**Q** 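Supplied in structure tokens, the structure appears directly below.
Quick note on labels: first sequence line is chain A, next is B, and so on, each numbered from 1. As a basis for the values below, the full set of heavy atoms in this structure was taken, side chains included, without hydrogen atoms, waters or symmetry mates. This is a predicted model, so every value here is computed, not measured.
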Amino acid sequence: MHRFLRLPILLVGLFMAVSSYAANNSQPALTTEDSLGPQVQQPIEFPHNRHAGNHDASDPAKGGMEINCQYCHTYARRSAVAGIPPLQKCIGCHQSIESVRNKPRIVELFKYWDAKKAIPWKKVHDLPDFVRFNHERHIKRFIEQQDRPVQEACGYCHGDVKEMTVARRQKPLAMGWCASCHEKDHPVTAEGGAPIGNQAYWYSFQKPVAAQDAAAVIKARGPNDCWQCHK
Amino acid sequence: MIDSDSVKQLAGHPFDRRDFLKVLGWSGTAVALSGCGNTSIEDGRETVVSYVEASDYMVPGIGVYYNSTCAQCDAGCNINGRVREGRVLKLEGNPDSGINKGKLCGLGQAGVQHHYNPDRVREPLLRNGSKGEAITWDKAYALIAEKLAGVQGDEIAFLSGGMSGHLKVLLGNYLDSLGTRNHFVYEAIAPSVVRAANVKAYGVEMPRYRLDKAKVVLSFGADFLGAWVSPVHFSQQYAQFRKGVDGQRGVLIQVESKMTLTGANADRWLVVKPGTEGVLALGIINVLGTATGDVAELVKGYDPVRVSRETGVSVSHIEKVAALLRMRSPSLVLAGSAAEGYAHGSQNAAAINLLNQVLGNVGKTIEAPVSVPFPQMAPAKGNTAALKSLNDGLAAGKYKVVFNFAANPVFTAPGAMKFKDNFAKAGFKVAFAHYLDETALQADLVLPLDSALEDWGTQVPEYMTEGAQINIQQPLMERLHANTRGMGDIVLALLKQRKADEYKGFEDYYAYLRGAMLQNKGALGGGGVDDDTFWNETLTRGIVKLAGATGALTTHATAAGLVFPAHKEADEHYPLHLIPGVTASLRDGRHTNQPWLQESPDPLTTIVWDSWVEIHPKKATELGIVEGDIVEVTSRTGSVKAQVYLFPGIHPEAVSIPVGRGHDAMGRYAKGYGVNPFQIMDTVFEAATGELAMHETRVKISKTGQRVLVVKDEGAAGALQMGRKIASRVSTDQIDLSKEV
Amino acid sequence: MSKRHLLALYSNFDEAEAVVRELRNTTINGFDVNDDMIVKSPIEHPEVEEFLGDKPVYVQWFTLFGALMGGLFGFFLISGAQANFYMQMKGGKPIVPFPPNFVLTYEMFILGGVFITILGFLVCAGLPAKRSPLYSAKVSIDNIAILVNAEEAAISVLKAIFTKHKALEIQEEAGK
Amino acid sequence: MKDIREDIAWAKINQDVMKSLENPRKLYWVILFFALMAFGFGLGCEVYQYQTGMGVANLNNPQVWGLYIATFIFWIGMSHSGTLLSAILHLMHADWRKPIYRFAEAMTTFSLMTAGLFVMVHIGRLWQFYYALPYPNDRGIWPNFQSPLLWDAMAIFTYLSSSVLFLFVGMIPDLAIARDNMQAGWRQKLYTLLALGWEGTDRQWRNFRVTYLTIACFLIPLAVSVHSIVASDFAMSQQPGWHVTSFPPYFVAGALYSGCAAIITLFIILRYVFKFEEYMTLPILKKIVRLTFAIAMVWTYLNAVEFASVWYSHDQVSKDVLIQKMTGNYSPFWWGMIFCGSVVPLVFAIKRFQTNIPVLFATSLLLNLGMWLERWMIVAPTFSHGYYPWTWDHDQWPSIVQWGMVFGSFGWFTLLFLLFCKVFPSVSMYEVKEMVYHRTLHLKKSETAEQGAH
Amino acid sequence: MSVSNLLENWSQVRHEHPVNDKPHDPYKWAMAIDLDACTGCNACSVACYAENNLPVVGKEKFQHGQQMHWMRVERYWDEDGREFPDQGFQFLPMMCQQCEAAPCETVCPVAATNHTADGLNSQIYNRCIGSRYCSANCPFKVRYFNWYDYPTTENVWPAEMTQQLNPDVSVRGKGVMEKCTFCVQRLSAAKVTAKGEGRIVREGEVQTACQQACPTSAISFGNIVNPESRVHKQWAAQQVELDKDKQAKNEKEEGPGLRGYRILEELRAYPSVMYLERVRESAV
């Protein structure tokens with residue numbers, strides 16, 4: 001009889017393992033996973049590395065200028081939508097930087113400015129229309145409350161932009177990828193205060209870790225229903 | 001993100017609205033249309049909304065609110081438009097407004113669809129045979145100048161809807177420069193007879209009604225919740241009135257022959273024989289027994305039995321109403337369009353006003369109105385008598401050049417007037433239009449207007465509420481279509497043709513408006529503030545509130561001149577009264593092409609996208625008619641065919657067809673939906689004022705044998721709840737309202 | 001020692017039975033009646049089992065195992081998934097509700113049972129298999145076949161027995 | 001009236017049945033053609049609906065399900081009598097089932113497949129169908145296991161796979177016969193593959209018997225559960241007319257009923273087109289007819305119970321729905337259902353008609369019509385007259401698209417079924433042999449007993 | 001392991017919400033609609049069209065009952081066969097009642113409609129596969145299905161009109177169910193603002209579009225957990241309790257004497273919308 005049972009035992013064991021694993025699904029795609037998007041053709045090939053990249057001590061003409069992301073992308077901290085800096089912003093600096101005035105990209109830039117025409121930038125990080133990501137919340141949390149470096153915080157989703165010329169999507173930006181961060185690193189508790197009863201555990205993706213003190217609770221909140229992102 | 005706080009962000013930022021709009025230049029037209037279609041990240045396919053220059057408060061993703069004025073009807077509600085990424089998304093009420101206090105009716109909300117309407121006229125069009133040919137503005141202006149050359153002043157007519165503010169002033173100047181006095185201000189639906197009666201009774205055209213102070217409101221066909229005068233304002237008063245004065249919930253009694261929205265909300269809806277509203281008012285005065293002098297003399301004959309016989313209202317109801325009025329004071333009696341729409345409309349209105357005076361309501365719930373201290377800006381109120389005189393002139397071939405603005409008489413003139421034929425007799429017809437409506441289609445030159453959300457202007461509301469106010473209308477976004485112009489700009493350009501020197505200082509209407517406002521800065525409450533601050537604050541608020549002048553009311557009750565015509569026998573060929581229904585959302589049909597309004601069910605019948613004939617179920621049974629039957633409604637003037645809706649809220653001797661539908665122009669959302677009852681209206685005039693008596697048309701109906709499914713929101717169960725507790729009702733003696741929040 | 005196959009066909013069951021009885025009662029060198037004989041028949045004869053002796057069937061154990069495992073798998077997959085997906089809150093219901101889970105468990109119980117029974121059948125019946133070296137299509141009509149596998153020495157004895165009982169046909173595997 | 005001859009040569013059984021795989025009567029091709037047409041039309045409707053939106057089916061806000069779900073239940077129901085014949089009667093050793101159970105089981109399988117189509121047809125976003133499957137994904141989301149629809153999906157999947165396996169396992173010996181008797185070609189290859197090397201050895205038969213019995217045992221509760229779960233789609237909801245305790249047995253009875261009616265229809269057709277007069281004999285038909293009659297009466301009773309319990313309850317809302325069914329827009333169909341479901345089967349009580357093929361054929365079609373109407377009358381009136389009077393609809397007539405898909409489903413079913421019968425033996429050869437064998441034995445025994453008595 | 005997760009959190013996963021639970025904290029959005037103030041003017045409905053990107057389906061589709069008004073104003077008159085409706089009509093604004101034990105939630109096969117922490121009944125368009133079971137099970141029939149692909153249907157949103165669409169609300173394609181959301185886009189914007197300031201949303205800070213438009217302020221909306229909120233006070237004054245299917249006040253012999261009621265309360269869906277009965281004067 002045992003001869004006959006070997007295969008079923010194997011199979012059932014497999015079934016159990018699969019069911020447990022499947023139901024657990026505690027391993028969503030990793031936060032750090034890279035998933036390169038296509039190279040997007042922009043009207044002007046904006047060099048992020050030149051603006052935000054690190055100083056090159058040996059040759060200042062080559063390195064970046066370490067401009068804070070938020071200097072140009074100023075809307076992100078005030079709105080759900082990051083938007084794109086107005087043309088005015090580019091001109092504001094470049095009208096006084098004579099040294100690069102004749103470079104083709106800058107010439108192109110001034111062409112738009114003179115015509116008072118907005119530059120038709122293409123969206124690089126374009127979520128599906130039914131997904132609503134809130135930049136303001138994330139900046140508040142990481143930069144204002146936790147005081148993390150700006151480039152690190154932005155980089156969670158946008159990748160290492162300071163190394164790029166034209167920005168390119170580096171992260172998957174898929175739901176599982178979002179969830180991986182929200183589940184692993186930012187346990188979910190009830191909103192707005194101390195958990196009541198066991199309610200804190202009610203609405204997360206997964207079982208969250210109870211917050212230790214009231215202050216932490218205020219900060220540590222993630223999406224706790226589908227409507228947070230889809231509406 | 002919507003954020004009520006973003007209004008605050010706007011405040012305190014000095015800015016020049018006009019410049020702002022010019023530099024906004026947004027690219028990226030792709031609007032997220034498909035919420036569920038794509039399921040993946042889409043890189044590089046869409047364009048980001050980007051600006052050339054942006055003020056600090058313009059943040060993508062954050063709505064900014066601008067105050068302006070609703071142009072959907074004459075009530076002049078103040079609105080608050082939500083603007084995001086350079087496009088206006090939604091209109092809300094302006095909470096600072098004395099008129100609508102942050103609220104807005106469906107008609108007002110649909111204003112965005114007036115703006116974004118796909119059927120707007122986009123280029124100046126010159127008639128070429130039966131087609132319109134796009135021409136340039138320069139050519140259009142030149143053409144007008146050419147046509148006006150050598151034409152006498154009295155050969156020119158200017159037809160417009162009700163207008164006020166600086167546009168009225170500017171237009172007046174233009175007409176003066178043409179040497180014409182033929183400015184016909186026409187509104188198809190306006191309480192003109194009541195206004196005249198009010199002048200006689202109270203000394204003012206429209207006193208300030210205080211429903212919120214009244215304990216009983218007795219309304220003779222005044223649809224103040226629907227389409228009468230200033231419905232959003234009255235609705236708010238109504239809410240207060242229902243909550244009650246001194247804990248006493250207000251009682252609404254509505255007397256009319258066809259139920260209006262207000263009637264549907266009444267505690268007691270009394271159906272009267274069409275045209276006998278005044279008789280009932282006199283009957284109530286009789287029962288009250290408090291009248292003295294000639295009034296007592298007048299009402300002596302109107303004992304309850306006779307009144308009941310003439311009006312169809314039972315004696316007990318007359319007595320109950322009188323008792324209630326006696327018991328609960330102050331009350332308010334209103335005369336509405338159902339009372340005034342007869343040849344003896346003035347008499348009806350006068351009798352009703354008399355009741356108010358007998359009850360001593362004048363000064364309590366009827367207050368003296370406030371008016372703006374700039375008479376030249378005061379509203380020119382439209383009426384139908386103007387249409388008659390214009391029509392007579394047109395019929396006589398008197399006019400060589402006719403201008404038309406904000407009126408659609410080809411659609412709204414009674415069929416018996418043959419306005420369309422007469423209009424054709426005019427030599428050169430210019431229409432300033434948003435859409436190619438019926439009248440614009442008859443014009444030789446059509447000049448496209450900016451929408452109300454793109455244009456500058458000022459407006460003085462016809463009905464003033466709390467204190468006087470001037471409403472500011474300002475653009476909420478850039479022009480949608482490059483070649484439309486504001487009416488003010490057009491009038492200014494035309495004026496420059498006549499008096500170039502006088503107006504050369506004004507680059508455009510905006511400059512004129514700003515200049516004119518700043519000129520009177522002191523009177524407008526801006527004394528001691530510098531020009532820019534005043535101007536910016538004015539625009540930010542969207543309202544200029546003024547102290548205004550308050551007139552006095554006559555309180556003397558007199559029965560002088562109040563003689564009712566003898567009781568008329570029914571017309572044997574045309575046995576039924578035709579009552580044109582005026583609905584809150586469609587009014588006279590100028591906004592029928594706004595799809596939200598078309599699809600918004602009529603509150604009483606829940607019918608959408610179509611016209612209907614309301615018949616009382618009893619009458620219908622008598623005639624063998626069921627719902628959905630197509631009947632032919634024939635008057636002496638003509639006939640229309642429409643579906644029947646069995647409606648218990650109508651006198652069995654009357655039928656009602658709503659006005660506003662039945663367009664054969666005005667674009668995809670209006671054309672071909674429903675029938676136009678104006679077409680079959682006889683031209684009977686109110687004796688005293690010369691206004692059209694809208695309710696005097698008599699009709700007969702006959703079945704055509706066709707039947708359709710009535711397109712309505714109501715389900716197969718009709719208006720019944722089938723024993724479920726869904727919309728529940730309770731009578732006042734079973735509850736205690738004083739404990740409520 | 002090499003073995004060879006021998007196949008005899010019989011037209012009716014009684015003859016086949018007689019052959020089997022004789023083979024059982026005779027001791028033949030190089031032929032074990034329990035291991036080396038297979039009876040093939042066109043229909044299922046309960047009597048075959050009788051005269052072949054008590055041969056056990058294990059399929060039902062597969063069934064039991066499959067059903068239990070299916071049920072357990074179902075319940076834990078579902079409950080586990082629910083417990084990991086808190087966001088799927090249903091008003092008035094717990095996250096892991098029993099009645100629906102039992103319904104699904106019931107279905108999974110049957111599904112597991114059926115699948116593993118089939119598996120058991122294939123395993124126990126040795127299917128799918130290659131056809132044995134001697135095969136006659138007549139078995140699929142109405143003949144009963146007795147297939148024996150015997151050493152060279154026993155072949156002639158068996159043949160004799162088969163012939164004695166009026167075998168319709170005897171097939172012999174070629175020697176190696 | 002002759003039954004299967006006990007002395008029929010087994011070789012002839014093989015021969016006769018194998019002949020059905022080769023040359024059916026002309027009618028076969030005619031039916032196949034019409035089935036293809038109907039299916040093509042239904043397919044066209046689905047493509048149109050898929051492209052345009054569900055609105056073309058003239059479904060509306062209260063009436064969200066329409067004919068799709070009604071027909072879905074119809075097909076699910078039809079599948080049940082296959083199980084009745086193949087499993088229940090197997091356990092009860094009713095040997096007359098043997099010549100006919102194969103096609104009944106095939107009917108089960110194909111009607112389930114047809115029912116499955118309606119799930120697809122009905123869904124608004126077919127392209128997202130996979131959301132309903134429980135598979136692990138990195139989004140961490142799962143379908144809602146509380147939904148009766150998911151139970152449905154699970155039950156139908158279980159039922160379908162079990163039925164297919166049961167059909168297949170039961171067919172293995174016959175596939176071996178077919179393999180041995182078919183000249184070389186793709187068919188023989190197919191049979192060789194599917195026969196899994198079956199030889200009819202004692203070991204194979206021994207395990208076969210147990211397996212067959214076990215699956216039959218599973219299939220019975222499964223079949224009952226499947227239609228109970230389908231009934232739960234309705235009974236679990238709060239809607240008046242659906243929230244009825246007796247729904248599960250009512251559904252099961254209705255299922256067996258419509259299945260039996262369909263078996264009579266298909267019996268008559270197969271008997272003719274495949275020249276199975278020798279095997280699908282009139283006595284067998286008579287037995288099915290009597291069985292059908294009994295089930296019809298059970299169904300009628302359960303119907304009456306349902307109406308009575310609504311009628312005597314104080315549940316005014318449910319009562320309204322019932323009254324609406326009897327007197328409202330749906331009344332012709334509702335009374336049609338009562339007539340076809342409860343009155344027409346009385347024909348079966350008349351002995352003369354129990355073997356009258358034209359009468360039986362017409363009657364069985366009427367019964368099926370009645371049972372289809374029953375499903376429609378379960379689904380539609382509750383939507384039309386639910387809790388909320390405001391949304392009672394007045395435009396519930398299904399559009400051509402819906403009708404097209406209903407007819408298309410009949411085409412699809414017929415197509416599958418006829419193809420199956422052409423490719424696989426639709427009469428179980430080995431079991432007919434068993435039947436003949438056992439009857440002969442029985443005959444012999446009784447003869448011996450008789451002689452002994454003398 | 002899922003099994004250990006299941007067992008560790010057993011008491012939580014077996015907890016019935018909200019039936020045997022403390023009410024939501026800190027938010028539970030609820031409404032109270034005063035039918036005595038409602039005049040049936042339809043402003044709420046139009047506001048909803050404007051706010052929530054509702055398609056205008058046109059006459060033909062409306063005739064087929066395929067209209068998409070999340071907020072519909074119903075009109076009833078008396079059933080007693082009187083000749084004239086001499087006490088007027090009753091109007092009833094009807095929208096999703098955001099039931100606490102919503103019948104729609106349990107039946108969705110793909111979990112596209114769930115209960116949120118705020119006590120709302122969420123509808124996730126992108127998850128919906130269109131089985132329409134939720135609508136079938138909704139006693140109020142307030143769920144609306146996209147029978148057609150309205151974004152691409154002629155004259156629903158011509159190019160100009162797409163500019164009016166609210167970017168905060170997804171435009172729904174064909175085959176998905178939708179319904180009133182209590183203007184969730186406004187709620188979450190207010191919550192984001194409040195969160196940024198480390199507080200909860202204040203009374204009056206957020207309005208639904210219908211509430212904002214209503215000329216008679218018949219609709220009040222707010223966080224019923226907040227004792228300062230108007231909606232909380234109204235519910236309390238009317239003695240309507242959220243988690244009851246039979247209100248204690250109705251058990252009194254002399255009748256409740258209060259106007260508050262919920263529609264079809266006996267179905268135990270625990271709606272979050274309380275209506276106040278229309279009042280009619282008895283003296284006239």
**Q** So, the side chain of Lys103(B) versus the backbone of Gln211(E): is there a donor-acceptor pair under 3.5 Å, distance only?
**A** yes
**Q** Side chains of Asp267(B) and Gln87(E): donor-acceptor distance under 3.5 Å anywhere?
**A** no
**Q** Does one side chain, of Ser282(E) or Thr732(B), offer a donor that lies under 3.5 Å from an acceptor on the other?
**A** yes
**Q** Where does Pro93(E) contact chain B at under 4.5 Å (heavy atoms): side chain, backbone, both or neither?
**A** neither
**Q** Name the residue from Arg87(B), Arg122(B), Arg120(B) that meets the salt bridge (charged side-chain N to carboxylate O under 4.0 Å, His left out) definition with Glu160(E).
**A** Arg122(B)
**Q** In terms of side-chain heavy atoms, does Asp86(E) have a donor or acceptor partner in His317(B) at a distance below 3.5 Å?
**A** no
**Q** Using a strict 4.0 Å threshold on nitrogen-to-oxygen distance, state whether Arg268(B) and Glu281(E) make a salt bridge.
**A** no
**Q** Where does Glu60(E) contact chain B at under 4.5 Å (heavy atoms): side chain, backbone, both or neither?
**A** neither
**Q** At a 4.5 Å cut-off on heavy atoms, which part of Tyr275(E) comes close to chain B: side chain, backbone, both, or neither?
**A** neither
**Q** Against chain B, label Cys38(E) side chain, backbone, both or neither, depending on which of its atoms sit under 4.5 Å from a heavy atom there.
**A** backbone
**Q** Keeping Gln163(E) on the side-chain end and Tyr116(B) on the backbone end, is there a donor-acceptor pair under 3.5 Å?
**A** no
**Q** For Thr39(E), is there any backbone N or O sitting under 3.5 Å from a side-chain donor or acceptor partner on Asn265(B)?
**A** yes
**Q** Any ion pair linking Arg259(E) and Glu740(B) (charged N to carboxylate O, less than 4.0 Å)?
**A** yes
**Q** Do the side chains of Arg186(E) and Glu92(B) get close enough for a salt bridge, i.e. N-O under 4.0 angstrom?
**A** yes
**Q** Strictly below 4.0 Å, N to O, side chains only: are Arg249(B) and Asp36(E) in salt-bridge contact?
**A** yes
**Q** Given that the side chain runs from C-beta out, which part of Ala237(E) has a heavy atom under 4.5 Å from chain B: side chain, backbone, both or neither?
**A** side chain
**Q** Heavy-atom cut-off 4.5 Å, strictly under: side chain, backbone, both or neither for Val156(E) against chain B?
**A** backbone
